[in-house]
Amino acid sequence: MFDLIAEGKQPNQRWRKKIRDFDWHMIGRQPGPYCVDWDSQLSRQHVQFRQVPDGIEVERFPNSTNPVFFDGHKADFFKIKANQHFVIGQTRFGLVNSESEATQDVPSPIQQQTFSDQFLNALDYRDANLRINVLSQLPELIADAANEEQLLDRITNVLLQGVPQAEVVAIVSTTSPKDPVTIKHWDSRHELEESFKPSETLIRQAIGSQETVLHVWSDRGGAGSNYTIQQHADWAYVCPLKATACRGQAVYVSGKVGRIGATLTTELLHDDLKFTQLVTSTYANVIELESLQRRQAALRTFFSPIVVEALAGRDPDQVLEPRACYLSVL
């Protein structure tokens, strides 16, 4: 399986989409799954592509305005493999391997710390301007998301923008200690040398405790095991989603120490932890609201408005608990 990544000039001009079938798909400014609405140099229908066993085939529409560049040359039909790219206008399109699997084959952390929501809420930002600028985009991005896949893509993109040290961001889930960890969506700032393999131990620890957990594998830039080098990860933390509709889900963020030879302290990640907790809380509340709206829509089919209102405002077990009351029978 492959993912297609589109990247414009600005940090918020980016998406990562799974290619789920072998049908032809269209790329252009026309609304659709692979829409690139930020680049005026793309036609409404510019190219079409389809997945083949070892990559994708790309074909330019004859009536599209600007050329497509592949391998430094204009091309109307070509095939690209993983870690190759093509360019239209100001946008770069790259193909990457989408394989991902949580693993326990991870070095033991040299540091481990747990953070409560109360602790993170009490922290003051050292670099507030960056976080505020990114957070200001969040309500519009969430409201405009057409489906869950687009919403997850936008949430991971916001976190990559707001956590400059992050290399990989993922939405993960597991329903019980016996069930496997599922990676619902992930994105990386740079291409990984191998498939994405987050720490299963860290994910289960954070979801089980319902607190943000940080693991540090290397506290100096340029050091680390093969795992940390291949995953671009000197550290990682997991922030659980605490809404009922998101039970068992969490956000996984991993990154590198900024400079070669630099030393990492957990205090340097406080801004990132606080920002991630705020974004994940917003995302979880949106999912919870959508779940409530769906439940109420289903209840309206069977109950009168006054009953639906009572069920929405109180615990259903309390509302439906047997009790003595006065009735009028007509």
Side-chain angles (χ1 to χ4, degrees), residues 100-128 130-131 156 159-174 177 181 183 186-190 192-242 249-281:
S100 59
E101 182 182 9
T103 179
Q104 294 186 348
D105 188 18
V106 177
S108 298
I110 61 174
Q111 295 183 55
Q112 176 178 312
Q113 194 167 350
T114 300
F115 302 88
S116 66
D117 285 352
Q118 291 77 9
F119 175 83
L120 295 176
N121 290 333
L123 291 175
D124 293 324
Y125 281 128
R126 290 189 295 270
D127 183 9
L130 170 66
R131 320 293 169 157
T156 54
L159 287 167
L160 284 172
Q161 291 181 58
V163 185
Q165 302 178 89
E167 291 288 336
V168 182
V169 174
I171 311 295
V172 299
S173 68
T174 180
V181 172
I183 301 169
W186 68 280
D187 202 355
S188 59
R189 197 179 302 277
H190 302 100
L192 300 183
E193 297 178 13
E194 294 185 349
S195 59
F196 174 48
K197 297 179 180 179
S199 168
E200 181 178 346
T201 301
L202 173 57
I203 293 169
R204 292 192 185 279
Q205 185 176 351
I207 292 177
S209 67
Q210 285 295 285
E211 292 188 317
T212 300
V213 180
L214 168 70
H215 282 187
V216 178
W217 296 293
S218 172
D219 59 0
R220 297 187 65 82
S225 65
N226 287 335
Y227 171 84
T228 63
I229 293 173
Q230 292 165 351
Q231 299 291 311
H232 291 279
D234 291 329
W235 52 265
Y237 58 80
V238 175
C239 183
L241 305 181
K242 298 184 179 180
Q249 297 184 38
V251 170
Y252 183 102
V253 180
S254 64
K256 298 276 292 180
V257 178
R259 303 186 311 275
I260 299 296
T263 302
L264 172 73
T265 62
T266 56
E267 288 76 13
L268 293 176
L269 294 174
H270 280 178
D271 276 14
D272 300 333
L273 289 160
K274 182 180 179 69
F275 177 82
T276 303
Q277 190 262 349
L278 179 57
V279 172
T280 54
S281 296

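The distance from the CD1 atom of Ile171 to the CD1 atom of Ile183 is 11.5 Å, given to the nearest 0.5 Å. Interatomic distance, Leu269 CG to Lys274 NZ, rounded to the nearest 0.5 Å: 15.0 Å. In this structure, the separation between CG on Leu268 and CD on Gln165 is 6.5 Å, given to the nearest 0.5 Å. Taking CG from Asp234 and CH2 from Trp217, the interatomic distance works out to 9.5 Å, rounded to the nearest 0.5 Å. With rounding to the nearest 0.5 angstrom, the NE2 atom of His232 is 5.5 Å from the CG atom of Leu192. Interatomic distance, NE2 of His190 versus NZ of Lys256, reported as 11.0 Å (0.5 Å rounding).
Contact detail for Ser195 and Ser100: the closest heavy-atom pair is CB-N, 4.5 Å. In terms of heavy-atom proximity, Thr201 sits nearest to Gln104 at OG1-CG, 4.4 Å. Across Pro240 and Ile207, no two heavy atoms sit closer than the pair CB-CA, 4.5 Å. The heavy-atom pair separating Tyr252 from Ala236 by the smallest distance is OH-CB, 3.6 Å. Summarising the geometry of Gln231 relative to Val168, their closest heavy-atom pair is O-CG2, 4.3 Å, with the distance given to 0.1 Å. Taking every heavy atom of both residues into account, Pro107 and Tyr227 meet most closely at CD-CD2, 3.8 Å.
A heavy-atom distance below 4.5 Å is found between the side chains of Ile203 and Pro198. Taking 4.5 Å as the limit, every side-chain heavy atom of Asp187 sits out of range of all side-chain heavy atoms of Val169. No side-chain heavy atom of Val216 sits less than 4.5 Å from a side-chain heavy atom of Gln112. Looking at heavy atoms from C-beta onward, Leu214 lies out of side-chain contact with Gln111 at the 4.5 angstrom threshold. Two residues are said to be in side-chain contact when any heavy atoms from C-beta on lie closer than 4.5 Å; Val213 and Val238 fail this criterion.
Judged by distance alone, the side chain of Tyr237 and the main-chain N or O of Asp272 form a donor-acceptor pair under 3.5 Å.
Side chains of His215 and Gln205: a donor on one and an acceptor on the other come within 3.5 Å.
No option in Thr212, Leu241, Val253 other than Leu241 meets the side-chain contact (heavy atoms from CB on, under 4.5 Å) test with Thr280.
Taking the six-membered ring for Trp and the full ring otherwise, Phe119 and His270 have centroids separated by under 6.0 Å.
Applying the 6.0 Å contact sphere to CD of Glu101 captures no more than 12 heavy atoms from other residues, nucleotides or ligands.
By the 4.0 Å N-to-carboxylate-O rule, Asp117 lies close enough to Lys242 to be salt-bridged with it.
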Evaluate the criterion side-chain contact (heavy atoms from CB on, under 4.5 Å) for residue pair Thr266 and Trp235; output intermediate values, then yes/no. CA-CA 10 Å; Thr266 56; Trp235 52 265; over 6 Å; no

